[in-house]
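One structure is given here, and the rest of the page talks about it.
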Amino acid sequence: MQKPSLPKGTRDFGPVQMARRNFILDTIKETFQLFGYQQLETPAMENLSTLTGKYGDEGDQLLFKILNSGDFLKNVSPEDLENGPAAMLPKVSEKGLRYDLTVPFARYVVMNRHELTFPFKRFQIQPVWRADRPQKGRYREFYQCDADVVGTDSLLCEAEIILMIHQVFGKLGIQDYSIKVNNRKVLTGISEAIGEAGKEGPLCVAIDKLDKIGKEKVEEELKQRGFGDESISKLQPLFEAQPGNFQEGIQFLRGFLEESPIGLKGLEELEETSRILASLGGSMDHVAFDFLLARGLSYYTGAIFEVKAHGVKIGSVSGGGRYDDLTGVFGMPGVSGVGFSFGVDRIYDVMEELGLFSESDLSAPQLLLAHFDEKGFQYAAGILSAARTAGIRAELYPDLVKMKKQLDYASKKGIPYVGICGDSEIETQTIALKDLASGEQSQISLKELIKKLS
RNA sequence: GUGAUUGUAGCUCAGCUGGUUAGAGCGCUGGUUUGUGGCACCAGAGGUCGCCGGUUCGAACCCGGUCUUUCACCCCA
């Protein structure tokens with residue numbers, strides 16, 4: 001007999017976890033729908049050609065590839081073997097598991113461009129797979145909840161993203177968090193302002209580590225990446241700036257970027273987003289302007305978001321931004337959009353660590369019908385049917401066992417009420433309804449039972 | 001990919017410098033109680049010590065490998 005086990009980085013979700021996960025997923029889904037997004041699902045697997053080359057070399061390494069069916073070696077020659085794994089791969093695998101939801105979405109938009117009405121607002125809640133090494137808040141199979149709008153440049157979308165984040169976190173009861181915002185144009189402006197135009201990529205990679213490795217190490221890394229001493233010294237004010245709020249941050253950067261039109265444009269967009277948010281009745285609560293925030297620089301071109309929960313040592317729980325050319329790689333240029341994603345698994349971890357889940361299991365049945373013998377079982381079956389018709393989540397204990405065991409079952413499963421059906425109940429056409437929490441018990445009619453529980 | 005770390009009963013963990021029948025708490029099953037759970041008491045079941053190999057008279061313990069857990073780096077949700 002073999003011991004069963006789970007692949008590395010994957011998890012089972014039991015009834016309690018599923019009830020909690022569904023609470024999070026339903027909250028996110030309802031919010032997306034409330035804001036006019038419609039649901040899309042795509043296959044777990046995509047053609048490998050769709051996936052490769054979209055996430056950089058490192059990303060390609062993290063793709064799960066699916067071995068071809070049948071004789072997967074039939075196209076492989078001895079020379080292929082010598083040429084190494086990279087040359088072999090396309091001959092033995094033509095499909096892979098999706099790595100994120102953005103690329104499949106781009107593929108979908110391109111394939112359905114003639115049917116879609118733009119601006120197109122879609123949301124997608126599905127698992128993705130990455131052959132990463134698991135650790136805290138990082139799994140090989142996890143859910144992403146993406147919402148994107150394509151085909152509009154309006155900053156209304158950005159403002160609505162902030163609203164949706166407020167709404168979701170509010171409903172989940174997560175209070176201590178921050179929404180860091182920045183704009184890619186600001187980063188471009190910064191690199192211009194220090195005389196290193198076009199090098200915002202390496203600049204951000206280095207600066208991003210400021211919290212972790214400290215100022216000196218960042219400067220060292222910048223030197224290694226070919227930044228001059230003069231440029232690095234021009235960065236000093238940014239390291240030292242401690243703007244108290246969003247407006248102060250904008251003011252500070254306005255001075256720093258006065259020579260850079262593109263940088264100033266980025267600041268304007270941020271301010272405009274804030275104005276739209278206000279006119280939508282939203283607030284800038286939790287929003288912080290972090291002008292060093294980088295994130296997935298490869299394709300973001302405008303706003304950048306990242307949400308972090310405080311009090312829990314875990315990566316970001318949500319993030320996103322605006323991109324100008326989502327579908328260019330698939331031969332459909334000029335489709336701009338903005339999107340963001342909630343990381344359900346990390347939100348779950350945060351809520352668990354903060355003790356934010358409610359004690360009661362909302363998925364448990366409300367009523368268990370218990371019995372002493374075959375006669376009681378028959379009587380209870382009739383009650384069961386009536387209770388279910390009335391919409392009460394109910395079940396009948398299936399075996400003829402001791403009352404003790406039946407009560408124990410209800411208690412452990414989190415069922416609040418037990419309806420006991422014995423001879424005296426049959427005689428008087430009642431049910432002995434026991435409240436397990438208080439231990440109180442009363443003889444009531446079927447009608448009263450339904451009234452009480454529905 | 002780099003560097004650590006973990007693995008003993010269903011769960012959480014003890015187990016001394018290698019030495020006889022590997023323990024505890026909780027949980028589980030049954031009983032005290034044949035129409036009533038939680039509390040108490042009593043009894044009982046349950047372990048190839050992750051796996052493979054090596055050292056040794058002898059390995060849960062030492063060595064090598066492998067898988068697994070957790071964590072950091074890289075990167076990311």
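Protein chains get the first letters and strands the later ones, always in sequence-line order, with residue 1 at the start of each. Keep in mind that the numbers below use all heavy atoms, side chains included, and drop hydrogens, waters and symmetry copies.
Straight-line distance between the C1' atoms of B/rG47 and B/rA14: roughly 15 Å, to the nearest whole Å. One C1' atom belongs to B/rG44, the other to B/rU70, and the distance between them is 36 Å to the nearest Å. Distance check on atom P: B/rC13 versus B/rG53 gives 29 Å, rounded to whole Å. Nucleotides B/rA40 and B/rG25 have their P atoms positioned 13 Å apart, rounded to a whole Å. Comparing B/rG10 with B/rC28, their C1' atoms sit 8 Å apart, to the nearest whole Å. Look at the C1' atom in both B/rG19 and B/rU56: the space between them is 12 Å, to the nearest Å. The C1' atoms of B/rG30 and B/rC51 are separated by 36 Å, rounded to the nearest whole Å. With both ends at atom C1', the span from B/rG65 to B/rC26 equals 36 Å, rounded to whole Å.
With rounding to whole Å, A/Arg140 atom CZ is found 12 Å from B/rU68 atom C1'. In this structure, CG of A/Asp373 is placed 16 Å from P of B/rU34, rounded to the nearest angstrom. Going from atom CD of A/Gln61 over to atom P of B/rU2 covers 12 Å, rounded to whole Å. Protein atom CG of A/Asp57 is 16 Å distant from nucleotide atom C1' of B/rC76, rounded to whole Å. Rounded to whole angstrom, the span from the NZ atom of A/Lys434 across to the C1' atom of B/rG35 amounts to 11 Å. Counting to the nearest Å, the P atom of B/rG10 and the CG atom of A/Asp12 are 17 Å from each other. Atoms NE2 (A/His371) and C1' (B/rU36) sit 14 Å apart, rounded to a whole Å. Rounded to an integer number of Å, the gap from A/Lys404 NZ to B/rG35 C1' is 14 Å.
Between A/Lys8 and B/rU68 there is a side-chain N or O to OP1 or OP2 distance below 4.0 Å. Proximity of A/Gln135 to the phosphate of B/rU70: no side-chain N or O atom is located under 4.0 Å from OP1 or OP2.
Residue side chain A/Glu425 reaches the base of B/rG35 through a donor-acceptor N/O pair under 3.5 Å, judged by distance alone. One donor-acceptor pair, N or O on each side, does fall under 3.5 Å between the base of B/rC75 and the side chain of A/Arg138.
In a base pair of the Watson-Crick type (N1 to N3 plus N6-O4 or O6-N4) or a G-U wobble (N1-O2 and O6-N3), with each distance short of 3.5 Å, B/rG38 is matched with no nucleotide. Nucleotide B/rG47 forms no Watson-Crick or G-U wobble pair with any nucleotide shown, as no partner meets the under 3.5 Å limit on both distances. With a cut-off of 3.5 Å on both pairing distances, the Watson-Crick or G-U wobble partner of B/rA24 is B/rU12.
Counting non-hydrogen atoms under 4.0 angstrom, A/Asp345 reaches nothing in the nucleic acid. No engagement by A/Gly56 is indicated, since no non-hydrogen atom pair under 4.0 Å with the nucleic acid exists. Residue-level contact check: A/Tyr139 touches the bases, meaning some heavy atom is under 4.0 Å from a base atom. Note on A/Glu141: nothing from the nucleic acid sits closer than 4.0 angstrom, heavy atoms only. When heavy atoms are screened at a 4.0 angstrom cut-off, A/Ala309 is found touching no nucleic acid atom at all. Among the heavy atoms of the strands, none lies under 4.0 Å from A/Gly59. Among the atoms of the strands shown, only primed sugar atoms or phosphate atoms (P, OP1, OP2) are found under 4.0 Å from some heavy atom of A/Ser316.
Closest to the A/Met403 side chain, of the nucleotides B/rG37, B/rU36, B/rG30, is B/rU36. Distance from the side chain of A/Arg133 is smallest to B/rU2 among B/rA77, B/rU2, B/rG37. Candidate nucleotides B/rG35, B/rA72, B/rA77 were compared by shortest atom distance to the side chain of A/Lys313, and B/rA72 ranks first. Minimum atom distance to the side chain of A/Ser424 is reached by B/rG35, of the listed B/rG35, B/rU2, B/rC75. Distances were taken from every side-chain heavy atom of A/Asp423 (C-beta onward) to each of B/rG37, B/rG35, B/rC75; the shortest belongs to B/rG35. Looking at the side chain of A/Gln144, the nearest of the listed nucleotides B/rU36, B/rC28, B/rA77 is B/rA77. Ranking B/rC75, B/rG35, B/rG37 by closeness to the A/Ala432 side chain, first place goes to B/rG35. In this structure, of B/rG35, B/rC71, B/rA77, it is B/rA77 that holds the atom nearest to the side chain of A/Phe142.
Using the six-membered ring where Trp is involved, A/His286 and A/His166 have ring planes that are tilted, between 30° and 60° apart. Using the six-membered ring where Trp is involved, A/Tyr37 and A/Phe32 have ring planes that are tilted, between 30° and 60° apart.
Toward the 5' end of RNA chain B, the nearer of the two residues A/Lys412 and A/Gln441, judged by each one's closest nucleotide, is A/Lys412. Along RNA chain B, the nucleotide nearest to A/Lys405 and the one nearest to A/Ser438 differ in position, and the one closer to the 5' end is contacted by A/Lys405.
With respect to A/Asp146 and A/Arg122, a salt bridge is recorded, a charged nitrogen being found less than 4.0 Å from a carboxylate O. The pair A/Asp345-A/Arg21 meets the salt-bridge criterion, with a side-chain N (NZ, NE, NH1 or NH2) lying under 4.0 Å from an Asp/Glu carboxylate O. Ion pairing between a basic and an acidic side chain is recognised when a charged N comes within 4.0 Å of a carboxylate O; A/Arg346 and A/Glu353 show no such pairing. At a threshold of 4.0 Å, the pair A/Arg140-A/Asp132 does not count as salt-bridged, since none of the basic side-chain nitrogens sits closer than that to a carboxylate oxygen.
With hydrogens and angles left out, the side-chain atoms of A/Ser336 and A/Asp324 include no donor and acceptor closer than 3.5 Å.
With rounding to the nearest 0.5 angstrom, the CZ atom of A/Arg388 is 4.0 Å from the CG atom of A/Leu384.
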